[in-house]
2 protein chains.
Amino acid sequence: MAEGEDMATTTLGVREPVADDSRTDILLAAADCFMERGYAATSVDDVARRLGATKGRIYHHFPSKADLFTGVFRHGMDRIYAAVEPYRNMPGPAVERWKKIAFVHTVRMMRSKTLARVVWEGVEMHLRGATTPEQRVVLADLVQYRNGYSDIFRRTISQARDEGDFDFDDVAITVQSMFMALNSPIFWYVPRDGETEEHVTGIAKQIVTFAYRGLGGKGELNL
Amino acid sequence: MAEGEDMATTTLGVREPVADDSRTDILLAAADCFMERGYAATSVDDVARRLGATKGRIYHHFPSKADLFTGVFRHGMDRIYAAVEPYRNMPGPAVERWKKIAFVHTVRMMRSKTLARVVWEGVEMHLRGATTPEQRVVLADLVQYRNGYSDIFRRTISQARDEGDFDFDDVAITVQSMFMALNSPIFWYVPRDGETEEHVTGIAKQIVTFAYRGLGGKGELNL
DNA sequence: TGATGAACATACTACCGGGTATGTTGTCAA
DNA sequence: TTGACAACATACCCGGTAGTATGTTCATCA
């Protein structure tokens, strides 16, 4: 679960801040708030209240509200990327690679729904034209990060088309339609209390099946 | 274009407000602002500035900012609904009806991109839990309006499946995936300057093709 | 053991934005 | 021509919010 790095002090006598888990606590609470009310409607006090703390704690770790948001953005992208990373260079035909990464991506959308929605809003904010010019730079960097992620899918479906397993016209339009379908659960999926793993994967399979057929995939996909 | 109702004065001597086109001017300007920055980040002064006016004009026609938003919501839904209404009871097989309404819906998403995004945000706002309890009532009404619209698609693809033209498992999941794909252009489509009608319909065709195959439609769809 | 700084909490400021109260102007009806 | 009202503009209030300045506590280290 946790990344598992502690390292309170180094061998040198230099003080090393431990606060990393306090920081991620803030990030997760902020993610909850940002998802529930959106960035603009969320106040820093809201995040502090959810933590049972005050603004002082947040501003000790983040210089501004915008930086708090981009922090959540980056954290979310890291989680999403980490899920797909093990399979992005999987050998074999591109279709099989697509099936794998599309599935783990969709499951991740449901499992990390909160972070995924913040990432979504971050991309939207960038497309609009975010707050300050300096903030635009940070957002642009993160959006590039996100674009690099979607490029994995873009290249994969292009290759699969070359190999005769997919069939579509314009790549840009198709990859957008595909991503919207795969991302859809972040808008309507609501995690249940006693939920089986099979329930989540069952939903993901149907979504991936929809996208698979949409891309022109033939036959059934066995996941 | 315009609804074409004037009726400045009745036969009775009673004064009848004419302001309907001024009202729609406000609605359209508000739609622009809400789309560009989102509801929370848009101030009433922003909308007034875009109109070259002041708050007084807006508050003369709308009791609150929330009512202004719901006004745009309703206006947008009217436009969207009006596009598919002529075809929703088209005779013949359900697949053909789906092809028609899916296509006009997607084209409308691009043509009325601004209004469509406000509708989108309105649904999101309702899912979150909007501002005041009284405002929730208005939003709930509009969301029901919107759900009635999506039910048209839901019933159509169900019927098409019964007729053997579509093939999918869970209706709820599938209709969500389909809608996300059809709505996708409201997030990435940007209207060009000298844009041909064929360009827009060409994009729409590809999106509808993606959804058609995703739903398990066989063969090519000729639009 | 005292000094130092991290990790917060508290108190405060400046400003923005929703809403209101009040003026001003043009138009139509009687 | 005059009253009345729609259709705005102006001026103002006030609550909320981002950000800051200043304590306070506790662990660590020389």
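Protein chains get the first letters and strands the later ones, always in sequence-line order, with residue 1 at the start of each.
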Does any pair with a residue in residues 106-121 of chain A pass salt bridge (charged side-chain N to carboxylate O under 4.0 Å, His left out), and if so which ones, sequence neighbours excluded?
A:R111-A:E197, A:R117-B:E124
Between P on C:dT20 and CZ on B:F62, what's the gap in Å once rounded to a whole number?
16 Å
For B:Y149, give me all partners under ring-ring contact (aromatic ring centres under 6.0 Å, His included), at least two apart in sequence or on another chain.
B:Y81, B:H105, B:F153
What is the distance, to the nearest angstrom, from the OH atom on A:Y59 to the C1' atom on D:dA21?
14 Å
With A:A48, which residues qualify under side-chain contact (heavy atoms from CB on, under 4.5 Å), at least two apart?
A:I58
Under 3.5 Å between N/O atoms: give me all the protein pairs with nucleotides 10-17 of chain D, atom names plus distance.
none

Closer than 4.0 Å, any side-chain N/O of A:S22 to the OP1 or OP2 of C:dA7?
no
Axial bend angle, the helix from C:dT1-D:dA30 to C:dA30-D:dT1: five-pair end segments, nearest 10°
0°
Residue pairs involving residues 139-158 of chain B (criterion salt bridge (charged side-chain N to carboxylate O under 4.0 Å, His left out); sequence neighbours excluded):
B:R74-B:D141, B:D151-B:R154
Which side chain to side chain donor-acceptor pair (under 3.5 Å) pairs, counting each pair once, include a residue from residues 201-210 of chain B, with sequence neighbours left out?
A:D169-B:Q206
The criterion is side-chain contact (heavy atoms from CB on, under 4.5 Å); which residues satisfy it with B:R37, sequence neighbours excluded?
B:A41, B:T42, B:D46
For the residue pair B:F34 and B:Y39, does the interplanar ring angle fall in the parallel (under 30°), tilted (30 to 60°) or perpendicular (over 60°) class?
tilted
Atom pair distance, as rounded to whole Å: CG in B:L68 and P in C:dG19:
10 Å
So, OP1 or OP2 of C:dC8: does either fall under 4.0 Å of a side-chain N or O from A:H60?
no
Taking only residues two or more places apart in sequence, or in another chain, which ones meet B:K99 in a side-chain contact (heavy atoms from CB on, under 4.5 Å)?
B:V95, B:E96, B:Y212, B:L221, B:N222, B:L223
